[in-house]
A.B. asks: 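Can you keep this structure in mind? I'll have questions shortly.
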Amino acid sequence: MFQNNCAKISHQHIKNHKSLVGEITVPGDKSISHRSIMFGALASGKTRVTNFLRGADCLATIDCFRKLGIGIEDTVDEIIVNGKGLYGLKSPSGMLDVKNSGTTMRLLSGILAGQSFESEITGDASIQKRPMKRIMDPLKAMGADITSINDNNCAPLKIRGGDLKGIEYDSPVSSAQVKSCVLLAGMYADSPTTLTEPVVSRNHTEMMLTGFGADLKVDHRSVTIFPDPKLEAQDIAVAGDISSAAYFIAGALLVPGSELLIRNVGVNPTRDGIIQVAKAMGGNISLENQRIVSGEPVADILVKYSKLHGIRIEKDIIPTLIDELPVIAVMAALAEGQTVIADAAELKVKESDRIMAITQNLTDMGGKVVPTDDGMIIDGVEELKSSVVKCYNDHRIAMSFYVAGLTLPGTMLFDNANCVDISYPTFFSDFGNIIKK
Ligand code: S3P
């Protein structure tokens, strides 16, 4: 499904290193950064955002909202969103381009479904292959006129909204992007909208929209939103992204002699599966200084080198660590015994087919992995060997296999290490700062 772009991009050498020691602060959370722009745009007044993630995905969200008539300033210290209220967006002059960002694509489609103007929205080659039927179905049921321009249930999409009706929707997938899309459209509907998902996915939309003044009711796996809220601008301090912290957690667990304190990380229970899994695999990891920042649980994470063992990872924990499974697979590849990852078919429709990308790269490094329909089975080996990492233009594959490389003598090659810019532009220099040679 996704082409290996190895031939097109010059190889980049990444030197490997010794133990990881010291303190690190990771950049702001990607999911919260996106939502701070979107919800700020739909609120009245100035929303001020500190520790905003200036990764390519979140910058694409800023671009799209500027095209929709929202003034957004970057003062270096903060991002200021000059919100225009629920009905203040203007018709964009051209196609909205989300680049590589699935969150922008799906959440913004929900907002566009509530607008009376017509818009077209697309993204890069990866986005144009990712499934959009999962949002088209509920938006159509609400009365939006939404079509896939190439008639393949993928982007580009043409959306003409307005006159939406509230629905009760049983989502076939646990996906915060689908949930958020439907809830955002639900703000423009004529009656309440309820979405039920098989397993609870990340709940930033529910928490943040409530903070902006929306009326939401959460009942186990169901969320109801009441229409026509009056959203008010907020000050948001974005916590560090646990999905970025995951690479430091895995690195410190795997590289002998490591001891790291990762400061100011969001540890929302709908996102903290990596910590549960690290503990279950025998990892020495603890949460210090737990607190609430801008409504979200935050902690400093202390992690030390540990001998890991294999476990089963399946069912309800999967949505809480879906983005961390590539680096968890690297941990499993070097753990004692077998790790089974199941109920994670969603891996196939991320920025790359991650079951394929993980299998390919681990196999190239001498790991033992068997792909399955909904995950993989990994038998731990004593050590991996150097290889050329095929990134598939997927930031999380590149970062996960950089961590694998930290366990090796010699150097690793990457076909496109620059793709880390999607969620973590300072990834390599941040690792450079805590590596003890
Ligand atoms: C996200 C939801 C998840 C996650 C993505 C960010 C969000 O996707 O993988 O990186 O911010 O809502 P799904 O909703 O498709 O699982």
Side-chain angles (χ1 to χ4, degrees), residues 27-39 52-53 55-58 60-61 98-111 123 126-127 129-138 154-155 169 171-184 195 197-209 221 223 236 238-239 241-247 266 268 270-274 296 316-328 343-355 357 374-375 394-400 419-420 422-424:
D29 187 272
K30 182 157 79 72
S31 294
I32 296 175
S33 294
H34 280 300
R35 286 163 174 79
S36 67
I37 302 297
M38 297 181 183
F39 305 167
F52 179 84
L53 170 65
D57 269 14
C58 299
T61 291
V98 306
K99 312 239 168 76
N100 192 242
S101 175
T103 305
T104 317
M105 182 74 209
R106 296 199 178 106
L107 272 62
L108 182 50
S109 295
I111 294 170
S126 156
I127 276 290
K129 289 178 190 138
R130 296 181 68 183
M132 294 302 147
K133 189 172 182 312
R134 53 181 61 195
I135 57 162
M136 292 172 71
D137 285 348
C154 294
Y169 188 63
S171 176
V173 281
S174 286
S175 158
Q177 293 179 357
V178 172
K179 174 171 62 178
S180 305
C181 168
V182 173
L183 294 176
L184 288 166
L195 177 134
E197 51 186 344
V199 175
V200 176
S201 62
R202 66 189 65 191
N203 65 1
H204 303 300
T205 293
E206 296 90 301
M207 293 178 70
M208 289 178 71
L209 274 183
R221 295 178 292 108
V223 192
I236 299 170
V238 183
D241 196 328
I242 192 166
S243 298
S244 300
Y247 305 103
N268 179 317
T270 62
R271 296 283 301 280
D272 73 350
I274 175 74
E296 290 274 350
D316 289 13
I317 200 170
I318 294 295
T320 73
L321 46 64
I322 189 73
D323 290 344
E324 288 65 74
L325 284 170
V327 80
I328 288 172
D343 304 315
E346 280 292 297
L347 285 174
K348 292 191 226 169
V349 291
K350 293 294 178 187
E351 286 85 327
S352 68
D353 174 348
R354 288 183 177 161
I355 295 182
D374 66 348
D394 181 338
H395 54 136
R396 301 212 185 279
I397 295 299
M399 293 189 280
S400 299
C419 62
V420 304
I422 291 294
S423 65
Y424 199 160

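For clarity, every value in this text was computed on a predicted model and none was experimentally measured. Just follow the structure's listing: the first ligand is 1, and inside any ligand the first atom is 1. Numbers here simply count residues along the sequence, with the first being 1.
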A.B. asks: Which protein residues come within less than 4.0 angstrom of ligand 1, counting heavy atoms only?
C.D. replies: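 Contacts of ligand 1 under 4.0 Å: K30, S31, R35, T103, R106, S175, A176, Q177, R202, I322, D323, K350.
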
A.B. asks: Side chains of P172 and R134: does their closest heavy-atom pair fall under 4.5 Å?
C.D. replies: no

A.B. asks: Go through the side-chain N and O atoms of S243 and R271 and say whether any donor and acceptor fall under 3.5 Å apart.
C.D. replies: yes

A.B. asks: Looking at every non-hydrogen atom in both residues, tell me the closest pair between L347 and I322 and how far apart they are.
C.D. replies: CD2-O, 3.9 Å

A.B. asks: Whether R202 and D29 form a salt bridge (side-chain N of Lys/Arg under 4.0 Å from carboxylate O of Asp/Glu) is what I want to check.
C.D. replies: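 No, this pair does not count.
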
A.B. asks: What is the distance from atom CD1 of I127 to atom CZ of R106, rounded to the nearest 0.5 Å?
C.D. replies: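 Between atom CD1 of I127 and atom CZ of R106 there are 6.5 Å.
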
A.B. asks: If the test is side-chain contact (heavy atoms from CB on, under 4.5 Å), which one of I422, V420, V327 qualifies with M399?
C.D. replies: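 It is V420; the other options fail the test.
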
